[in-house]
Amino acid sequence: MPMIIHFSHSQLQSLPILSRAVAGCSNHNSVGEIAARETLEQVMADALSKCGSKRSSVRAVCLAVSGVNHPTDQQRILSWLRDIFPSNVRLYVQNDAVAALASGTIGKLHGCVLIAGTGTIAYGFTEDGREARAAGAGPVLGDWGSGYGISAQALTAVIEAHDGRGPSTMLTSSILQTLGLSSAEELIGWTYADPSWARIAALVPVVVSCAEAGDEVANKILLKSAQELASSVKAVVGRLGLCGQDEKGAFPLVMVGGVLEANTKWDVGKEVIKCISKYFPRVLPIRPKVEPAVGAAWLAWNFFMKEYNKELCSR
């Protein structure tokens, strides 16, 4: 995006997107440091090339990257950026959830974001800069409201029904048909042949369709998942005091990710809001109209302007 100095925060939404580039995974925990660095360098080079710009013309960069969970992660990626860009370029590194929040608040870091796609995380900021997160530790460590968590529970329900340890469920025939399998026994081989999170999370639409058709097992899985997601938000809001001491204050809740998309009759996002509203009646749900990458660009502008104005005042 262009860096226009004489702009107000409210005008940010009118900034044009000069170019867009797409690349693969940049989470160093998943693909390793070398591959992550190469991906980030390539996607930034592509974006600059598409709009005819050079590195020397860049004023600020904000990378919001999955896998940034600790200051050491930030410092590692900042060191990569310093090798690429001139010394006068302002560089900022955040967790990808922060950009998702910014995509719903026009780059302002205040409120809470809930992401529920393949994985899930809740992340929040107060206006004075305090931050907190909940979940986001991966399925092994309890991200049960995620797409992976929903699908894993459904697969487990199929096996339990087959064994006689659980109730019969429409999930059995629906999942087997979707995967082209003929028996529940084959499901075991399919699952462990490639237990990647995204591959398993792709079964969420099957769980939703079964719940919409009245299957009680699928319905319980989605209800439990919505409650798990709501509990992550509740934890963040409570730790930061986003609703004030009386818990009656308003706060924005940005909702991002395929699990929360309101495109089905069984609306997980709507159920999450219903759960959260019991604790925080003035929650303000926001479904962003732009992608998180735009949120990262808005963050770069806001961070840059904050430093720029501070320097002007000190002169």
Side-chain angles (χ1 to χ4, degrees), residues 1-19 40 44 47-48 51-65 68-113 123-133 236-237 239-245 249-254 284 286 288-315:
M1 286 182 165
M3 174 57 77
I4 301 174
I5 300 295
H6 303 294
F7 236 55
S8 68
H9 177 265
S10 61
Q11 293 175 296
L12 267 184
Q13 293 179 90
S14 64
L15 279 177
I17 296 174
L18 300 178
S19 66
L40 290 169
M44 288 187 291
L48 288 170
C51 64
S53 295
K54 298 178 180 178
R55 292 175 182 175
S56 58
S57 64
V58 175
R59 303 291 295 276
V61 178
C62 177
L63 286 186
V65 189
V68 174
N69 302 310
H70 190 270
T72 55
D73 298 321
Q74 287 180 307
Q75 291 304 317
R76 180 188 297 110
I77 296 174
L78 279 171
S79 69
W80 299 350
L81 287 173
R82 289 190 188 103
D83 290 341
I84 300 171
F85 291 97
S87 59
N88 64 309
V89 179
R90 308 293 173 91
L91 306 172
Y92 314 100
V93 175
Q94 300 285 342
N95 182 278
D96 58 334
V98 181
L101 172 61
S103 71
T105 59
I106 321 176
K108 186 178 180 182
L109 291 185
H110 172 246
C112 184
V113 62
Y123 212 118
F125 280 85
T126 61
E127 294 194 73
D128 60 3
R130 290 182 299 116
E131 59 188 274
R133 60 178 280 178
V236 169
V237 173
R239 282 160 60 191
L240 294 177
L242 287 176
C243 281
Q245 290 185 339
F251 70 96
L253 174 63
V254 179
L284 304 171
I286 298 171
K289 295 182 173 62
V290 298
E291 63 203 282
V294 173
W298 286 343
L299 281 174
W301 188 92
N302 276 326
F303 289 148
F304 178 92
M305 290 306 300
K306 202 171 185 179
E307 292 184 20
Y308 178 81
N309 290 327
K310 187 183 290 185
E311 289 171 4
L312 281 182
C313 292
S314 63
R315 287 174 187 172

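Keep in mind that the numbers below use all heavy atoms, side chains included, and drop hydrogens, waters and symmetry copies.
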### Task
Measure the shortest side-chain to side-chain distance between Arg82 and Leu78 over non-hydrogen atoms and say whether it is less than 4.5 angstrom.
yes
### Message
Does any part of the side chain of Gln75, heavy atoms only, come nearer than 4.5 Å to the side chain of Thr72, both counted from C-beta?
### Response
no
### Summary
For Asp128, the side chain to side chain donor-acceptor pair (under 3.5 Å) test, sequence neighbours excluded, returns Thr126
### Message
Let me confirm one number: the CG-CG distance from Asp83 to Leu81, rounded to the nearest 0.5 Å.
### Response
9.0 Å
Sequence neighbours left out, cut at 3.5 Å: what donor-acceptor pairs do the side chains of residues 100-113 make with other protein atoms?
| unit_1 | atom_1 | unit_2 | atom_2 | d |
| --- | --- | --- | --- | --- |
| Ser103 | OG | Ala100 | O | 2.6 |
| Thr105 | OG1 | Leu101 | O | 3.2 |
| Thr105 | OG1 | Lys108 | N | 3.4 |
| Thr105 | OG1 | Lys108 | O | 2.4 |

### Task
Mind listing the closest non-hydrogen atom pair of Leu284 and Ala250 along with its distance?
CD1-CB, 4.0 Å
### Query
When rounded to the nearest 0.5 angstrom, what distance separates CG in Leu91 from CH2 in Trp80?
14.0 Å
### Query
Do you know which two heavy atoms are closest between Val68 and Gln74, and how far apart they sit?
CG1-CG, 3.5 Å
### Query
With sequence neighbours left out, which residue pairs that include part of residues 81-102 fulfil the ring pair (Phe, Tyr, Trp, His ring centres under 6.0 Å) condition?
Tyr92-Phe303
### Task
Taking all non-hydrogen atoms of both residues into account, name the closest pair between Val61 and Met44 and its distance.
CG1-SD, 4.2 Å
### Query
Residues two or more places apart in sequence or in another chain: which of them pass salt bridge (charged side-chain N to carboxylate O under 4.0 Å, His left out) with Glu307?
Arg90
### Query
Which heavy atom of Ala300 sits nearest a heavy atom of Cys62, and at what distance?
CB-CB, 3.7 Å
### Summary
Across all chains, not counting sequence neighbours, the side-chain contact (heavy atoms from CB on, under 4.5 Å) partners of Ser19 are Ala47, Lys50, Cys51
### Message
Using 0.5 Å steps for rounding, measure from the CZ atom of Arg130 to the CZ atom of Phe125.
### Response
11.5 Å
### Least distance between heavy atoms, Ser56 atom then Pro86 atom
CA-CG, 4.0 Å
### Task
Using a 4.5 Å cut-off on heavy atoms from C-beta on, say whether the side chain of Leu18 contacts that of Ser53.
no
## Note on the structure
For Leu15 and Met1 the tightest heavy-atom approach is O-CE, 4.2 Å
#### Entry: side-chain contact (heavy atoms from CB on, under 4.5 Å) against Ile5, all qualifying residues, sequence neighbours excluded
Met3, Arg59, Phe304, Met305, Tyr308
### Query
Do Ile286 and Leu253 have side-chain heavy atoms sitting under 4.5 Å apart?
no
### Query
Between Arg239 (side chain) and Arg133 (backbone), is there a donor-acceptor pair under 3.5 Å?
yes
### Task
Say whether, by atom type as modelled, one donor and one acceptor occur between the side chain of Asn309 and the main chain of Lys306 under 3.5 angstrom.
no
### Task
Could you tell me whether Gln245 atom CD has more than 12 heavy atoms of other residues or ligands within 6.0 Å of it?
no
### Task
Compare all side-chain heavy atoms of Ile77 with those of Val93 and state whether any distance is below 4.5 angstrom.
yes
### Query
Does the side chain of Leu63 come within less than 4.5 Å of Leu40's, by heavy atoms?
yes
### Message
side-chain contact (heavy atoms from CB on, under 4.5 Å), that's the test. Do Ile84 and Arg55 meet it? Break it down for me.
### Response
CA-CA 8 Å; Ile84 300 171; Arg55 292 175 182 175; 3.4 Å; yes
### Query
Could you walk me through whether Val65 and Asn95 pass the side-chain contact (heavy atoms from CB on, under 4.5 Å) check?
CA-CA 5 Å; Val65 189; Asn95 182 278; over 6 Å; no
